[in-house]
Amino acid sequence: MTQIPASSDAPNMGRRQFMNLLTFGTATGIALGALYPVVKYFIPPSSGGAGSGVTAKDKLGKPIAASEFLENHKPGDRKLSQGLKGDPTYIIVKDDGELADFGLNAICTHLGCVVPWKASANKFVCPCHGSQYNENGKVVRGPAPRSLALVHTQTNADGNVSFTQWEETDFRTNEKPWWT
Ligand code: FES
């Protein structure tokens, strides 16, 4: 029987490990390369830069024209529309009949129910666990920990109501906004 002599010609453990590293390192590289587009595929596409703002839409997804909105709503009204990131957002008509320059994200800061406006009480009252917010969306009763998020409201070049992100100080609490 022939036996391979334990000569120094056979690669030692260190060399074998080096070859392992080379082979499996390349294989891992190929695997990662193939995985990258797959992972990217499952991340939802962005809805376009939020910095430029979005047009407010009604429940059918139609843009809301500011003049038409003001014709159909009276001072003090707060009406839901689709706002930034598709969140339900209140458009507010001021007492002088003009659009308020801020809107309110209607998602309750407790667990996320949409909070209805209760005109008779001049408050937003959450039906889920009873949190209340004043007419500007400031929390006045828990369990909700924070006020409703603000957005800027304006009329864009097409005459439609549009929203942009509110990054300035919260005028209701004089604090930094919690939602940015
Ligand atoms: S979700 Fe509004 S009070 Fe709980």
Side-chain angles (χ1 to χ4, degrees), residues 39-156 159-180:
V39 172
K40 250 185 98 176
Y41 174 81
F42 282 102
I43 299 172
S46 110
S47 55
S52 53
V54 296
T55 306
K57 309 231 174 65
D58 63 12
K59 56 181 176 234
L60 300 175
K62 227 180 81 209
I64 296 174
S67 54
E68 209 180 305
F69 185 87
L70 289 174
E71 267 169 40
N72 297 326
H73 296 96
K74 47 183 197 323
D77 272 2
R78 280 143 173 79
K79 288 289 163 199
L80 280 174
S81 67
Q82 282 181 51
L84 295 171
K85 302 195 198 101
D87 282 355
T89 305
Y90 280 103
I91 303 176
I92 300 170
V93 186
K94 289 191 294 185
D95 293 337
D96 61 4
E98 295 291 312
L99 274 187
D101 59 0
F102 70 95
L104 294 171
N105 186 318
I107 294 180
C108 184
T109 59
H110 180 220
L111 293 180
C113 292
V114 172
V115 186
W117 168 240
K118 204 169 162 201
S120 57
N122 206 35
K123 275 184 209 158
F124 294 91
V125 181
C126 185
C128 294
H129 315 93
S131 292
Q132 298 185 2
Y133 305 85
N134 76 4
E135 74 278 15
N136 291 335
K138 183 177 179 189
V139 66
V140 289
R141 209 196 99 165
R146 291 181 285 242
S147 300
L148 297 176
L150 293 167
V151 293
H152 287 290
T153 304
Q154 59 272 307
T155 307
N156 66 14
N160 294 324
V161 180
S162 70
F163 298 121
T164 47
Q165 188 70 261
W166 187 292
E167 278 155 3
E168 300 80 353
T169 308
D170 183 337
F171 66 86
R172 305 161 302 183
T173 56
N174 275 327
E175 282 166 11
K176 246 176 71 106
W178 58 263
W179 53 86
T180 54

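Indexing begins at 1, ligand by ligand and atom by atom, following the structure's order. Please read these numbers as outputs of a predicted model, since none were measured by experiment. In this chain, residues are counted from 1 in sequence order.
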Hey, is NZ on Lys118 packed in by over 12 heavy atoms from elsewhere, all under 6.0 Å? no

Is the number of heavy atoms from other residues, nucleotides or ligands under 6.0 Å of Glu68 CD greater than 12?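 Open.
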
Tell me, which protein residue and heavy-atom name are nearest atom 3 (S) of ligand 1, and how many Å apart are they? Ser131 OG, 3.2 Å

Can you list the atoms of ligand 1 that are under 4.0 Å from a heavy atom of [X]?
{"X": "Cys126", "result": "1 (S), 2 (Fe), 3 (S)"}
{"X": "His129", "result": "1 (S), 3 (S), 4 (Fe)"}
{"X": "Cys108", "result": "1 (S), 2 (Fe), 3 (S)"}

Using heavy-atom distances, let me know which of Val139, Val115, Leu111, Val125 sits nearest atom 1 (S) of ligand 1.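 Result: the heavy atom closest to atom 1 (S) of ligand 1 is in Leu111.
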
Indicate yes or no for a side-chain donor-acceptor contact from Arg146 to the backbone of Ala144 under 3.5 Å, with no hydrogens or angles considered. no

Is the His129 ring parallel, tilted or perpendicular to the His110 ring (thresholds 30°, 60°)? perpendicular

Name the orientation class of the two ring planes belonging to Trp117 and Phe124 (parallel below 30°, tilted from 30 to 60°, perpendicular beyond 60°). tilted

I'd like to know whether ligand 1 has Cys113 as a neighbour, heavy-atom separation below 4.0 Å.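 Yes, Cys113 has a heavy atom closer than 4.0 Å to ligand 1.
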
Atom name in His110, limited to N/O/S, at shortest distance from atom 4 (Fe) of ligand 1: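 Output for this pair reads ND1.
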
Below 2.5 Å, is that where the SG pair of Cys108 and Cys126 sits?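 Judged by the SG atoms alone, which are 2.5 Å or more apart, Cys126 and Cys108 are not bridged.
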
